[in-house]
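Below is one structure, written out as structure tokens; comments come after it.
Worth saying up front: this structure is predicted, and the values here are computed from it rather than measured.
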Amino acid sequence: MQARKVAIIGSGPAGYTAAIYAARADLAPTMFLGLQPGGQLTLTSDVENWPGEADGVLGPDLMEKLKKQAGRFGTTFVEDEIVAVDFSQRPFVLTQGKGGTVTADAVIIATGASARWLGIPGEKEFQGKGVSACATCDGFFFRDKKVVVVGGGDSAMEEATFLTKFAREVVVLVRSDKLRASKIMQERALKNPKISFMWFTEPKEVVGEGKVTGVKVVNSQTGEESLVSADGFFVAIGHEPNTKIFEGKVALDVKQYIMHAPDSSKTSVEGVFACGDVIDAHYRQAVTAAGSGCMAALEAERWLAVQE
Ligand code: NDP
């Protein structure tokens with residue numbers, strides 16, 4: 001069993017920022033990159049709101065830069081996920097997906113969040129055959145096709161707008177008459193001639209033969225059902241925190257986000273810190289995640305100093 005001082009679980013903006021700070025504090029952090037190294041930003045295209053990148057930056061490029069920066073100060077990267085944790089003893093014990101365990105004096109959880117699914121018939125069946133939760137990953141396959149996007153938040157507007165690069169027509173299904181997205185993202189989508197909106201509309205079933213051919217929808221005002229023909233179906237209805245392995249190990253809130261002390265990354269277990277989207281159901285921005293990663297590293301450093 002290998003002994004580490006600080007283990008960071010997850011490699012999004014929160015994890016990398018925690019690694020940069022912990023490494024510069026000479027804590028030689030070990031980062032477990034997880035199944036989606038770089039996190040959600042590797043599934044996005046242009047990031048226009050990362051401070052300092054005046055002309056915008058591609059999500060995957062930004063994550064590569066953060067990784068390089070964290071590596072420069074001595075972060076060890078492990079290409080594996082953590083599948084189980086034991087926080088009942090010190091040092092803490094982490095079990096790796098590829099086998100083996102490591103111990104860590106302090107743990108920083110930065111496992112982020114993942115896309116939510118609707119759970120309607122056909123959604124699972126047609127995944128990879130027209131159903132997707134990532135326009136950046138799959139948009140390319142819908143050149144000159146018609147696609148449906150579900151949701152009214154920033155994700156849905158971003159996906160819909162991105163898809164117009166390829167698709168000839170994008171229909172956005174919104175379950176109310178309001179968009180939750182920020183003004184600028186709304187306006188961009190609303191004035192795009194390739195995008196149309198169906199309000200008060202919920203998808204009931206994804207239909208197709210071998211691949212998606214349409215979506216059965218219902219108007220929640222009138223109860224009227226109809227079939228929208230489509231080659232693609234993109235779900236953009238928010239995210240769930242990646243906390244499965246922490247159930248019963250640290251306190252989670254009702255939405256399964258990790259609970260933390262106010263203005264702090266401290267969890268219910270001393271020596272275990274959490275940062276980024278895994279504690280944040282509200283802002284969920286790369287830059288807020290990065291800020292909270294910095295807090296986690298500083299708090300871990302102080303906590304370790306007190307222990308010593
Ligand atoms: P949000 O929670 O903001 O929005 C989810 C949307 O999906 C809402 O319109 C919601 O409808 C709808 N929805 C939820 N469940 C269902 C369902 N079962 N059926 C139909 N519709 C459903 O999530 P986002 O992922 O859009 O955004 C999360 C955060 O990330 C936000 O803070 C956002 O600002 C940020 N973000 C920023 C981006 C950027 O700045 N480039 C890009 C993407 C995200 P209702 O409103 O009725 O609840």
Side-chain angles (χ1 to χ4, degrees), residues 1-42 47 50-53 57 59-82 85 87 90-98 100-112 242 258 260 263-267 269-280 285-308:
M1 187 148 34
Q2 293 188 48
R4 320 270 179 166
K5 205 171 193 110
V6 175
I8 299 170
I9 311 175
S11 57
Y16 280 133
T17 307
I20 292 165
Y21 273 78
R24 291 191 77 249
D26 240 359
L27 296 174
T30 298
M31 172 182 275
F32 295 91
L33 296 169
L35 291 182
Q36 177 83 52
Q40 291 181 81
L41 278 190
T42 59
V47 180
W50 181 264
E53 293 283 356
V57 58
D61 291 354
L62 175 60
M63 299 322 294
E64 267 311 308
K65 286 184 183 182
L66 291 184
K67 185 176 182 189
K68 199 169 159 197
Q69 193 176 358
R72 198 177 124 208
F73 299 111
T75 304
T76 301
F77 301 109
V78 181
E79 287 180 5
D80 200 359
E81 59 168 342
I82 296 298
V85 295
F87 293 155
R90 285 204 208 140
F92 305 119
V93 181
L94 311 178
T95 306
Q96 289 183 230
K98 289 178 182 166
T101 52
V102 295
T103 64
D105 297 333
V107 172
I108 295 176
I109 301 171
T111 47
N242 296 321
I258 294 178
H260 59 103
D263 299 324
S264 164
S265 65
K266 291 177 186 163
T267 68
V269 178
E270 238 191 85
V272 177
F273 304 85
C275 53
D277 284 10
V278 78
I279 60 166
D280 176 18
Q285 301 299 301
V287 68
T288 49
S292 91
C294 160
M295 286 166 65
L298 293 178
E299 288 180 322
E301 181 193 355
R302 281 171 202 156
W303 183 79
L304 284 166
V306 170
Q307 303 310 303
E308 280 164 15

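Rounding to the nearest 0.5 Å gives a distance of 11.5 Å between CG of Asp277 and CD1 of Ile258. Taking CG from Leu33 and OH from Tyr16, the interatomic distance works out to 5.0 Å, rounded to the nearest 0.5 Å. Atom CG of residue Asn242 and atom CD1 of residue Ile109 lie 11.5 Å apart, to the nearest 0.5 angstrom. Note: Gln36 CD to Glu81 CD = 12.0 Å, rounded to the nearest 0.5 Å. Atoms CE and CG, from Met295 and Asp263 in turn, are 6.5 Å apart once rounded to the nearest 0.5 Å. Here the CG atom belonging to Leu35 is positioned 11.5 Å from the OG1 atom belonging to Thr111, to the nearest 0.5 angstrom.
Between Lys266 and Phe273, the shortest heavy-atom distance links the atoms CG-CE2, 3.8 Å. Annotation for Pro13 and Ala286: closest pair CB-O, 3.6 Å, computed over non-hydrogen atoms. Residues Ile108 and Cys275 come closest through the heavy atom pair CG2-SG, 3.7 Å. Scanning both residues, Ala19 and Ala70, for their nearest heavy atoms gives CB-CB, 3.8 Å. The two residues Ala106 and Ala300 make their nearest non-hydrogen contact at CB-CB, 4.5 Å. Between Ala22 and Ala297 the shortest heavy-atom distance is N-CB, 3.8 Å.
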Please lay out, stage by stage, how Asp105 and Gln307 fare under the test side-chain hydrogen bond (donor to acceptor under 3.5 Å, both in side chains). CA-CA 9 Å; Asp105 297 333; Gln307 303 310 303; over 6 Å; no
What's the verdict on side-chain contact (heavy atoms from CB on, under 4.5 Å) for Thr30 and Val102, showing C-alpha distance, side-chain angles and the deciding distance? CA-CA 10 Å; Thr30 298; Val102 295; over 6 Å; no
Test log, rule side-chain contact (heavy atoms from CB on, under 4.5 Å), inputs Ile82 and Gln96: CA-CA 5 Å; Ile82 296 298; Gln96 289 183 230; 4.0 Å; yes
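Scored by the ring-ring contact (aromatic ring centres under 6.0 Å, His included) test, Phe87 finds Phe92 as partners (sequence neighbours excluded). Annotation: side chain to side chain contact (heavy atoms under 4.5 Å, CB included) contacts of Glu64 (sequence neighbours excluded): Lys67.
Contact check for Leu94 versus Val107: side-chain heavy atoms found under the 4.5 Å cut-off. The side-chain heavy atoms of Val47 and Glu53, taken from C-beta on, include no pair separated by under 4.5 Å. Between Glu79 and Pro37, the closest side-chain pair of non-hydrogen atoms is not below 4.5 Å. Within the 4.5 Å cutoff, side-chain heavy atoms of Leu66 are placed close to those of Gln69.
A side-chain donor-acceptor contact under 3.5 Å links Asp80 to the backbone of Lys98. Judged purely by atom type and a 3.5 angstrom limit, Thr42 has no side-chain atom pairing as donor or acceptor with the backbone of Pro60. Judged purely by atom type and a 3.5 angstrom limit, Thr267 has no side-chain atom pairing as donor or acceptor with the backbone of His260.
Using a 4.0 Å cut-off between charged nitrogen and carboxylate oxygen, Lys5 and Glu308 count as a salt-bridge pair.
For Gln2, the CD atom is loosely surrounded, since the number of other residues' heavy atoms within 6.0 Å does not exceed 12. Sparse packing is recorded around CZ of Arg72, with 12 or fewer heavy atoms of other residues, nucleotides or ligands lying under 6.0 Å away.
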